[in-house]
Amino acid sequence: MGSIFWGELLGTATLILLGNGVVACVLLANSKGQNSGWIVITAGWAFAVMCGVFVAAATGSPAAYLNPAVAVGLMVDHGGWSKLPIVLAGDFAGAFIGATLVWLHFLPHWRATEDRGLKLACFCTAPAIRNTAANLLSEVIGTFVLVFVVGAIFSKTASANGVAGGVGPYLVGSLVWGIGLSLGGTTGYAINPARDLGPRIAHALLPIAGKGSADWSYAPIPVIGPLVGGALAGVVLAAFGI
């Protein structure tokens, strides 16, 4: 269990460092990547997921959940609930650490950036159009797709002998890229409670130059939506015997 904790922590820290790092690169003032756009952000997040999965698997968590919603969905399907508390601890701790490293890496750029909303976006998500029901539904749908397709990728039906070693992280990264490109424009596709809440807490606690509110009124949506979407995907996976 200790190894699972460290694997999830290090994998999620890598995920957030590279994922929120690409957002900071695109949004913060005087970054060489400033204004490079949505394609760069979605690609960066895809590579972040790939790297995080490799790190988690190499350091003690072969399942490499990196996401409480994925863990819940797959446990609804296959069981293994005893691991959930340690997975949650590793994911949230890793997300906080990764966000702190993003803050340190871009340290001079926070003061150079005037827009407080852009600074917050380097840590957590916000909706393009604020509508509680619609935003929640977007997170449910996006996370359902994530968990359901992950289950399909690794199913015996799709590959009787299992996915070839080392290929899985690339496939999951490609899936996350597709979700970002297709479904990410509504809420910023948190699709991961730890990815959103851990860095949001970091934003609230860190001495970020010129920061504003952490937007706690929105914070429940990227936690509840992904958990519901993940659990629903687990039910459907189980129904199909995947």
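Given the structure is predicted, the values throughout are model-derived calculations rather than measurements. Residue numbers run from 1 in the order of the sequence given. Note: hydrogens, waters and symmetry copies are ignored here, and every other heavy atom, side chains too, is used.
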Considering only heavy atoms from C-beta outward, does the side chain of [X] approach that of [Y] to under 4.5 Å?
X: Ile221; Y: Glu139; value: yes
X: Lys119; Y: Phe106; value: no
X: Leu15; Y: Cys51; value: no
X: Leu120; Y: Asp215; value: yes
X: Pro193; Y: Leu227; value: yes
X: Tyr189; Y: Leu146; value: no
X: Phe92; Y: Leu197; value: yes
X: Asp196; Y: Cys124; value: yes

Quick check against the 3.5 Å criterion: does [X] have a side-chain atom that pairs as donor or acceptor with the backbone of [Y]?
X: Asn67; Y: Ile191; value: yes
X: Arg200; Y: Ala214; value: yes
X: Glu8; Y: Ile4; value: no
X: Ser31; Y: Cys25; value: yes

Between [X] and [Y], is there a shared hydrophobic cluster once you connect ILVMFWY residues whose side-chain heavy atoms come closer than 4.5 Å?
X: Val53; Y: Met50; result: no
X: Phe54; Y: Val150; result: no
X: Trp177; Y: Leu175; result: no
X: Ile179; Y: Phe47; result: no

Give the minimum heavy-atom separation between [X] and [Y], together with the two atoms involved.
X: Leu237; Y: Gly151; answer: CD2-CA, 4.0 Å
X: Gly33; Y: Ser36; answer: O-OG, 2.6 Å
X: Thr14; Y: Leu10; answer: OG1-O, 2.8 Å
X: Ala152; Y: Ser155; answer: O-OG, 2.8 Å
X: Gly230; Y: Val147; answer: CA-CG2, 3.9 Å
X: Ala29; Y: His109; answer: O-ND1, 2.8 Å

With rounding to the nearest 0.5 angstrom, report the [atom1] to [atom2] distance, [X] to [Y].
X: Asn135; Y: Ile224; atom1: CG; atom2: CD1; result: 12.5 Å
X: Leu171; Y: Phe154; atom1: CG; atom2: CZ; result: 6.5 Å
X: Ile242; Y: His78; atom1: CD1; atom2: NE2; result: 9.0 Å
X: Arg130; Y: Ser217; atom1: CZ; atom2: OG; result: 5.0 Å
X: Asn192; Y: Leu66; atom1: CG; atom2: CG; result: 8.0 Å
X: Leu27; Y: Asn20; atom1: CG; atom2: CG; result: 10.5 Å

Please list, chain by chain and in numerical order, all residues satisfying side-chain contact (heavy atoms from CB on, under 4.5 Å) with [X], sequence neighbours excluded.
X: Leu232; value: Val140, Phe144, Val228
X: Ile41; value: Val23, Val26, Trp38, Trp45
X: Met75; value: Tyr65, Ala71, Trp81, Lys83, Leu84

Exercise for the section: Check step by step if side-chain contact (heavy atoms from CB on, under 4.5 Å) holds for Ile39 and Leu181. Expected result: CA-CA 7 Å; Ile39 299 297; Leu181 291 172; 3.6 Å; yes
Problem - Partner of His203 by ring pair (Phe, Tyr, Trp, His ring centres under 6.0 Å), out of Phe96, Trp110, Trp216, Phe123 - result: Phe123
Handout entry: Over 12 non-hydrogen atoms of neighbours within 6.0 angstrom of OH in Tyr170
Key = no
Handout entry: Crowding at CD1, Ile129 (>12 non-hydrogen neighbours, <6.0 Å)
Key = no
Exercise for the section: Tell me yes or no: between the side chains of Thr12 and Asp91, is some donor less than 3.5 Å from an acceptor? Expected result: yes
Exercise for the section: Give me the one residue out of Leu17, Val22, Leu206, Leu18 that meets side chain to side chain contact (heavy atoms under 4.5 Å, CB included) with Val102. Expected result: Leu17
Practice task
Could you check Tyr218 against Thr125 for side-chain contact (heavy atoms from CB on, under 4.5 Å), going step by step and ending with a plain yes or no?
Solution key: CA-CA 9 Å; Tyr218 181 73; Thr125 63; 3.9 Å; yes
